[in-house]
Asks: 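Have a look at this one.
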Amino acid sequence: MTHDGLGVTPQGEDFSAWYNEVVYQAELVDRGPVRGTMVMRPYGYRIWELLQADMDRRIKETGHLNAYFPLLIPESYLQREAEHVAGFSPELAVVTHAGGKDLDEPLIVRPTSETIIGEMMAKWISSYRDLPMLLNQWANVVRWELRPRTFLRTTEFIWQEGHTAHADEAGAMAETLLALDLYAHVARDVAAMPVVEGEKTPGERFAGARRTFTVEAMMRDGRALQSGTSHYLGENFARAFSIRYSAQTGEQRFCHTSSWGMSTRMIGGVIMTHGDDKGLVLPPLLAPYQVVIVPIGRGSAGSAVLDAARELDGRLRRAGIRTHVDTREHLTPGYKFNDWELRGVPLRAELGPRDLAEGSVVMSPRLGGGKVSVPLDSAVSRLEAELAAFQAMLLERATAFRDAHTVEVSSWEEFTAAVGSGWAVAFHCGQASCEDDIKAATSATPRCIPAEGDAASGVCVRCDAPSAYGKRIIFGRSY
Ligand SMILES: [Zn+2]
């Protein structure tokens, strides 16, 4: 924090310090009393609500129904799927004592809900007529974090988890990819994050999944953020929980299931995709306030200005624009400008006695481009257009940044240089030991086998063995 209390460490100096200062100074979060937990303050929670509302609409439009399952899961449920319990064991919070005595069976605070939902699906599905079963849950989950980081890895976080059951692999795979596509659209169209869709290599799969798909975004320090994942679970959970149906032939078959999740981590993605040295930059579709009006002036001139500001505020609200009039009397306009810049408001509208006399308002976009005087009469349509342009510009800017920091490489020297500042697109042999070796040498991991990308083959960028996957894959350091 700088001496005057506003302003943050430049990104280029210390990206991590910049991030931590932004999340607290912009009043998105506060620290929770338990290590790794965060309190989402109203300004931060509003961003989540806006994202959540959009996702919920898309989830419902694609035929899924919301349900809610208990927070506490019997320990024996997790043990039924061997890979699942092995993957999650180190992160589990376990309740062993309740109601004043030791419990006969320990209870797990859900880290994810495949097991308890699987148990219920087994009860609810009996015939092919019950399929597909398309469920979604909005919930908090707990995963004990050794290296917590606000929004990105918190011990407790909020998310949605989709859980579906299908008659066969084709149905479950189509669902897995439908969820992935939904995430890609939410990221691009709402958060203005140009994600890459792809499949995880076997070493990066979800514990218990047959195939894991991901949307990966590049942050402004060149690191990758896994922003949403979708899993084809095969018959793994169906066999563990006996999710079976009688086919038209009368034969008993196991279902094929999928699960998919996107969380409050996305807010961290928005911060690190768009933010700059002045602080947060919010895409209009996720901004709690899309326009902040700062009235300028004192005395009788000031009160006329305030009336005009409230009138403009009312017109903008009726047009569906989220606005706020900053009436704080003890702060200077200059302080307010810096404050709303730090908090990422897309457009600022300044209104002083001279502007009012001229029948205009001064509009100032968060990413500069100069102040523009706009007639008050046409301010609503003009600001609407500016917000749409701002949203589109953020996606273009982030796409250009990602492309400028993504390099197709053929040598190890090129690879290490590329992952130092962004992503390397390279041939890989597909061996887990080689992935580990690359990670030890550079901290980079395979982010995904991109869905797009030309079919090609060659030799592994690290070990010269023949390449796997039929195309180059993306490596990067990640959060
Ligand atoms: Zn290799």
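We use all heavy atoms of the structure for the numbers below, so side chains are in, but hydrogens, waters and symmetry mates are not. For this chain, numbers begin at 1 and follow the sequence in order. Atoms within each ligand, like the ligands themselves, are counted from 1 in listed order.
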Asks: For the residue pair Glu145 and Thr155, what are the closest heavy atoms and their distance?
Replies: N-OG1, 3.5 Å

Asks: What protein N/O/S atoms are found closer than 2.8 Å to the Zn ion (ligand 1)?
Replies: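 Listed by chain and number, the nearby protein N, O or S atoms are Cys429 SG, Cys434 SG, Cys460 SG, Cys463 SG.
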
Asks: Does a donor on one side chain sit under 3.5 Å from an acceptor on the other, for Tyr19 and Asp14?
Replies: no

Asks: Here's a test for you: under side chain to side chain donor-acceptor pair (under 3.5 Å), which of Glu161, His163, Glu114 qualifies with Ser259?
Replies: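 Testing each of Glu161, His163, Glu114 against Ser259, the sole residue satisfying side chain to side chain donor-acceptor pair (under 3.5 Å) is Glu114.
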
Asks: Please check this pair: side chain of Thr62 against backbone of Arg58, looking for a donor-acceptor N/O pair closer than 3.5 Å.
Replies: yes

Asks: Would you kindly check if the NZ (Lys) or CZ (Arg) of Arg220 is within the cone defined by 45 degrees around the ring axis of Phe401 and under 6.0 Å from the six-membered ring centre?
Replies: yes

Asks: Are any side-chain N or O atoms of His274 and backbone N or O atoms of Ala191, one a donor and one an acceptor, separated by less than 3.5 Å?
Replies: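 Yes, because the side chain of His274 sits within donor-acceptor range (under 3.5 Å) of the backbone of Ala191.
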
